[in-house]
Amino acid sequence: MSPLRLLPLGGLGEVGMNCLALEQRGEVLLVDCGVTFDDRGLGVDVVHPDFSALDGKRMVGLFLTHGHEDHIGGIPYLLRRFDVPVYGPRYALGLVRERAAEHEILDHARLHEVAPRERVQVGSFAIEPVRVTHSIADATSLAIRTDAGLVVHTGDFKFDAAPPDGEAFDVARFEELGREGVRLLLSDSTNIDARGPTGGEQGVGDALDAVVAGAEQAVVVGIFASNVHRLRMLGDVARRHGRKILMLGRSVRTHAHVARSTRYLDWPSDLVWPVDRAGELPRRAVLGIATGTQGEETAALGRLGRGEHPSFDLAAGDVVVLSSRVIPGNEAAVMRVMADLLRRGVELRTWWSDRAVHVSGHAHRDEQRRMLELVRPRAFVPVHGTLHHLTRHAKLAREVGVADTCVLENGDVAELSGEGPVRKVGRAHAGRVHVYAARPLPANVLAERAALAAHGAAHVVVALDAQGRL
């Protein structure tokens with residue numbers, strides 16, 4: 001039997017841009033293909049993995065765990081380079097269709113929906129999605145049967161005992177896989193430093209309901225637009241309190257559209273009010289859902305704070321809730337938006353002032369321990385996190401009794417056989433491609449922009465006579 005090779009192209013040694021290649025018998029299976037963002041102000045839209053390490057290899061499929069941008073955003077760029085089928089849950093594929101249409105590649109994209117507990121053969125790999133809970137609908141882990149044994153990739157997960165959509169974490173299936181014998185576990189490391197329970201989405205819904213119930217004027221809730229659970233709960237809140245929903249931001253509209261088309265959102269047609277007619281509503285009848293919780297300058301919350309939104313103005317006495325956490329690195333931008341909102345005279349509710357308005361979608365340390373104990377793997381490789389997160393998660397696995405651990409970063413090549421430990425065997429190229437207007441930006445252009453940003457530019461005007469002399 002062929003050994004299994006692992007090559008992370010993104011997501012290991014960083015948060016975001018998740019993309020992992022599994023190779024056996026000369027065939028490559030990709031798990032997820034996401035993007036990240038460049039915060040240097042150099043005119044970069046997104047950053048996706050460099051796929052050059054896959055050139056010349058036989059790509060049998062891309063399998064998705066769920067539909068967050070850091071797991072699916074790189075797919076249009078991958079499909080321009082490789083003709084590879086894409087498998088995944090219904091909601092994730094709905095979002096992929098939207099992206100593929102925007103990039104004008106939908107006609108040749110081969111998309112295959114796979115339901116939890118449905119096993120599919122992709123080349124020499126047999127893959128079974130397993131239901132987990134996360135901050136997006138239709139999230140799954142993957143049980144992958146390889147020549148080296150059973151591999152479980154958790155994707156992003158948390159243990160939510162009462163998810164709003166009723167799609168419960170399939171604990172029983174993980175226990176069955178553990179009894180069958182898991183050769184390798186790959187598990188989400190994002191919240192390895194967080195102690196205590198993660199908290200459930202329903203508690204957030206209750207907190208937002210209480211905020212709206214006590215508000216005399218307009219309420220605007222900032223969320224990660226992909227959190228369909230919160231969209232669903234805010235729709236229920238609006239109906240209970242006689243309010244209409246204003247969708248403030250393109251990504252909110254996109255996710256609401258996909259969620260309705262995939263039957264994850266059952267908003268009645270009269271619940272959503274046209275944003276360009278917002279002025280016709282009494283302020284106490286407005287429940288806005290806005291993008292921009294990470295301080296993005298052009299997103300809805302930023303424009304509302306500056307009084308520049310084309311369709312809706314905040315007024316003194318309105319309530320704004322940031323139902324989100326701040327992704328590390330975005331603190332300064334978020335504080336600027338919060339200051340702008342406070343200058344408008346609004347009542348501002350955040351995770352810092354009211355912990356109940358947000359919970360993470362990623363397992364805290366105790367839940368990561370529970371996953372290890374459920375699956376009981378022979379070997380462990382932590383995924384999704386900086387080197388600090390990965391190293392801490394590997395240490396937790398050893399505390400639980402998994403002695404065979406291996407910490408990888410992007411570009412590290414690891415090998416796993418039926419016997420023996422998982423081990424690093426080399427390096428491969430794992431770079432980053434910076435994109436503007438759907439086109440890659442050459443490295444020399446980025447270097448010139450960085451130099452101009454750091455050192456400025458000098459413009460010299462020289463007067464010449466008709467003969468070209470000074």
Minimum heavy-atom distance [X]-[Y], with the two atoms named:
X	Y	value
A53	L7	CB-CD2, 4.0 Å
R243	A218	NH1-CA, 3.9 Å
I105	P76	CD1-CA, 3.5 Å
V319	A215	CG2-CB, 4.1 Å
L142	P129	CD2-CA, 4.1 Å
Y91	V258	CE1-CG1, 3.6 Å

Can a donor-acceptor pair be found, under 3.5 Å and without considering hydrogens, that links the side chain of [X] to the backbone of [Y]?
X	Y	value
D412	R427	no
S323	V221	no
T65	G155	no
R232	Y264	yes
T291	G249	no
D170	R173	yes
E98	V96	no
T133	K158	yes
K244	P274	no
S353	T350	yes

Are [X] and [Y] close enough for a salt bridge, meaning some N to O gap below 4.0 Å?
X	Y	answer
R117	E128	no
R365	D193	no
R110	D83	yes
E331	R336	no
E297	R303	no
D209	R240	yes
D266	R260	no
E102	R250	yes
D138	R131	yes

Audit row: N191, S360, side-chain hydrogen bond (donor to acceptor under 3.5 Å, both in side chains) steps and yes/no: CA-CA 9 Å; N191 270 348; S360 176; 2.9 Å; yes
V47/V435 under side-chain contact (heavy atoms from CB on, under 4.5 Å): CA gap, chis, key distance, verdict: CA-CA 6 Å; V47 183; V435 176; over 6 Å; no
Please round to the nearest 0.5 Å and tell me the distance separating atom [atom1] of [X] and atom [atom2] of [Y].
X	Y	atom1	atom2	value
L9	L30	CG	CG	6.5 Å
L234	R230	CG	CZ	9.0 Å
D156	D188	CG	CG	4.5 Å
L78	L62	CG	CG	6.0 Å
R370	H364	CZ	NE2	14.5 Å
R369	I192	CZ	CD1	9.0 Å

Does [X], at its [atom1] atom, have more than 12 non-hydrogen atoms belonging to other residues, nucleotides or ligands within less than 6.0 Å?
X	atom1	result
E216	CD	no
W351	CH2	no
N444	CG	yes
E280	CD	yes
R81	CZ	yes
Y436	OH	no

Partner of E14 under side chain to side chain donor-acceptor pair (under 3.5 Å), chosen from T36, N410, T386: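 Only one of T36, N410, T386 forms a side chain to side chain donor-acceptor pair (under 3.5 Å) with E14, namely N410.
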Any heavy-atom pair between the side chains of [Y] and [X] that's under 4.5 Å?
X	Y	result
T293	V334	no
I223	V321	no
V220	L304	yes
H66	T140	no

Criterion ring pair (Phe, Tyr, Trp, His ring centres under 6.0 Å) against H134, the qualifying member of H229, H68, H71: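 Only one option passes, and that is H68.
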Side chains of D70 and N18, donor plus acceptor under 3.5 Å: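 Yes, N18 and D70 have a side-chain donor paired with an acceptor closer than 3.5 Å.
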Side chains of S135 and N227, donor plus acceptor under 3.5 Å: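 Judged by distance alone, the side chains do not pair up.
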Residue pair V152, F174: steps toward the side-chain contact (heavy atoms from CB on, under 4.5 Å) verdict: CA-CA 9 Å; V152 173; F174 282 99; 4.1 Å; yes
Full working for side-chain contact (heavy atoms from CB on, under 4.5 Å) between L322 and V357: CA-CA 8 Å; L322 300 187; V357 300; over 6 Å; no
Trace of the salt bridge (Lys or Arg N to Asp or Glu O under 4.0 Å) decision for R432 with D38: CA-CA 11 Å; R432 304 158 82 81; D38 190 301; over 6 Å; no
Mutual orientation of the aromatic rings belonging to H153 and H384 [parallel < 30°, tilted 30-60°, perpendicular > 60°]: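 Plane angle between 30° and 60°, so tilted.
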Ring geometry between Y87 and F63 (parallel below 30°, tilted from 30 to 60°, perpendicular above 60°):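 Plane angle under 30°, so parallel.
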Candidate pair R344 and D318, rule salt bridge (Lys or Arg N to Asp or Glu O under 4.0 Å), full reasoning: CA-CA 9 Å; R344 307 288 295 177; D318 290 342; over 6 Å; no
Between F380 and H393, ring centroids under 6.0 Å: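 Distance test on ring centres: under 6.0 Å, yes.
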Check: Y77 ring centre within less than 6.0 Å of F51 ring centre: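 When the ring centroids of Y77 and F51 are compared, they turn out to be at least 6.0 Å apart.
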Worked verdict on H309 versus V275 for side-chain contact (heavy atoms from CB on, under 4.5 Å): CA-CA 11 Å; H309 195 280; V275 176; 4.1 Å; yes
